[in-house]
Amino acid sequence: MTAYDVILAAPMCRLGARFAGDVLTRLDFLPADTPRAGRADARVHRLADELDAYWRDPTHAFALPFAPQGTPFQLRVWRALRTIPAGQPVTYGALAKALGTAPRAVGQACGSNPLPILIPCHRVVAANGLGGFMHAAAGAPLDVKTWLLTHERAATATHASASCPPRPTAR
């Protein structure tokens with residue numbers, strides 16, 4: 001089992017986090033019954049505050065320092081993932097086309113993402129359905145992906161309707 005600096009509660013599971021100094025390097029989805037653990041130091045408080053902001057508003061821009069470790073190709077895909085707006089998923093094919101690569105390669109990079117939520121790989125879906133998540137095609141990982149997409153879709157729809165003036169009615 002991976003050693004985490006902290007295990008935090010999340011609405012749909014637990015999150016295991018690892019840091020290198022003050023920089024977040026890994027965030028893993030864990031089963032909801034995983035015991036919370038770890039020392040609540042300043043970096044943990046900052047991560048918890050940032051995640052709380054995301055749970056309230058999925059358009060929240062994370063200011064927490066983080067550094068994913070991956071191949072140059074993975075880093076390129078992960079940079080592209082950070083440009084996908086909350087509540088507006090794109091397909092593996094569309095992202096692959098934009099990056100000049102194959103959908104399967106994009107899927108593999110998404111599945112290897114060490115910092116989900118901060119690097120929103122859940123926003124990439126199949127052309128005809130949900131697709132995979134965390135290198136899984138079924139089970140708890142897809143439940144998490146579904147929860148995240150639903151959370152973002154509902155919250156961004158609420159924000160959009162709150163910020164748009166009512167349409168005039170035809171008479």
Side-chain angles (χ1 to χ4, degrees), residues 1-32 34-90 92 95-96 98-99 101 105-125 131-136 140-141 143-156 158-159:
M1 179 173 173
T2 302
Y4 296 104
D5 294 303
V6 67
I7 298 175
L8 301 169
M12 74 311 228
C13 62
R14 297 280 196 237
L15 295 170
R18 284 195 312 200
F19 294 87
D22 290 335
V23 177
L24 183 66
T25 59
R26 185 151 199 95
L27 191 65
D28 291 328
F29 295 108
L30 305 172
T34 303
R36 291 175 62 176
R39 197 171 47 110
D41 57 21
R43 62 193 180 166
V44 169
H45 285 295
R46 185 166 183 193
L47 172 61
D49 289 347
E50 293 267 5
L51 289 168
D52 286 343
Y54 171 79
W55 305 138
R56 287 188 307 276
D57 176 9
T59 64
H60 171 72
F62 286 86
L64 177 79
F66 62 93
Q69 298 297 309
T71 66
F73 176 76
Q74 288 171 330
L75 293 170
R76 188 164 65 103
V77 171
W78 299 339
R79 273 191 302 278
L81 295 176
R82 295 187 59 219
T83 68
I84 302 169
Q88 299 178 36
V90 301
Y92 293 101
L95 186 57
L99 293 172
T101 190
V106 168
Q108 289 299 311
C110 288
S112 298
N113 175 9
L115 292 164
I117 302 176
L118 283 79
I119 300 172
C121 54
H122 61 276
R123 295 180 187 158
V124 184
V125 297
F133 192 56
M134 301 184 312
H135 294 301
D143 293 342
V144 170
K145 183 174 184 171
T146 299
W147 190 97
L148 290 167
L149 289 170
T150 301
H151 166 64
E152 291 185 355
R153 199 169 24 251
T156 55
T158 300
H159 285 133

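In this chain, residues are counted from 1 in sequence order.
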* Mind checking the CG-CG spacing from Asn113 to Asp28? Nearest 0.5 Å is all I need. => 10.0 Å

Please output the side-chain donor-acceptor pairs of residues 80-89 that fall under 3.5 Å, not counting sequence neighbours, one pair per line with the distance.
from	atom 1	to	atom 2	distance (Å)
Thr83	OG1	Ala80	O	2.6

* Asked: Would a distance-only check, ignoring hydrogens and angles, find a side-chain to backbone donor-acceptor pair under 3.5 Å from Trp78 to Gln69?
  -> no

* **Distance, nearest 0.5 Å, that separates CG of Leu47 from CD of Glu50** => 8.0 Å

* Full working for side chain to side chain contact (heavy atoms under 4.5 Å, CB included) between Thr101 and Val77 -> CA-CA 10 Å; Thr101 190; Val77 171; 5.6 Å; no

* Asked: Is it true that atom CG of Asp49 has more than 12 heavy atoms of other residues, nucleotides or ligands lying nearer than 6.0 Å?
  -> yes

* Structure fact -> d(Leu30 CG, Leu8 CG) to nearest 0.5 Å is 10.0 Å

* Smallest separation among heavy atoms of Ala17 and Leu24, with atom names -> CB-CD1, 3.9 Å

* To do: For side chain to side chain contact (heavy atoms under 4.5 Å, CB included), just list the numbers for His122 and Leu149, CA-CA rounded to whole Å, side-chain angles, deciding distance to a tenth of an Å, and then say yes or no.
  => CA-CA 7 Å; His122 61 276; Leu149 289 170; 4.2 Å; yes

* Structure fact -> On a heavy-atom basis, the closest approach of Ser112 and Gln74 is CB-NE2, 3.4 Å

* Structure fact -> Only residue of Thr25, Leu64, Leu27 satisfying side chain to side chain contact (heavy atoms under 4.5 Å, CB included) with Leu115 is Leu27

* Between Arg46 and Pro65, is any pair of side-chain heavy atoms under 4.5 Å apart? -> yes

* Partner residues of Phe19 under the ring-ring contact (aromatic ring centres under 6.0 Å, His included) criterion, sequence neighbours left out -> none

* Asked: Taking only residues two or more places apart in sequence, or in another chain, which ones meet His135 in a ring-ring contact (aromatic ring centres under 6.0 Å, His included)?
  -> none

* Among all residues two or more places apart in sequence or in another chain, which pass the salt bridge (Lys or Arg N to Asp or Glu O under 4.0 Å) test with Arg43? -> Asp5, Asp41

* Check the pair Leu148, Met12 against side chain to side chain contact (heavy atoms under 4.5 Å, CB included), reporting the backbone distance first and the verdict last. => CA-CA 9 Å; Leu148 290 167; Met12 74 311 228; 3.5 Å; yes

* Side-chain donor or acceptor of Lys145 paired with backbone N/O of Val124 under 3.5 Å -> yes

* To do: Say whether, by atom type as modelled, one donor and one acceptor occur between the side chain of Arg76 and the main chain of Leu99 under 3.5 angstrom.
  => yes

* To do: Could you give me the CA-CA distance, side-chain angles and deciding distance for Ile117 and Phe62, then say whether side chain to side chain contact (heavy atoms under 4.5 Å, CB included) is met?
  => CA-CA 9 Å; Ile117 302 176; Phe62 286 86; 3.8 Å; yes

* **Under the ring-ring contact (aromatic ring centres under 6.0 Å, His included) test, residues paired with Trp55 that sit two or more places apart** => Trp147

* Where do Ala40 and His45 come nearest, in terms of heavy atoms and distance? -> O-NE2, 3.3 Å

* Distance from Phe66 atom CZ to Ile119 atom CD1, nearest 0.5 Å? -> 5.5 Å

* Structure fact -> Sorted by chain and residue number, the ring-ring contact (aromatic ring centres under 6.0 Å, His included) partners of Tyr92 (sequence neighbours excluded) come out as none

* To do: Compare every heavy atom of Ala105 with every heavy atom of Phe73, then report the nearest pair and how far apart it is.
  => CE2-O, 3.6 Å

* Checking His151 side chain against Tyr54 main chain: does a donor-acceptor pair fall under 3.5 Å? -> yes

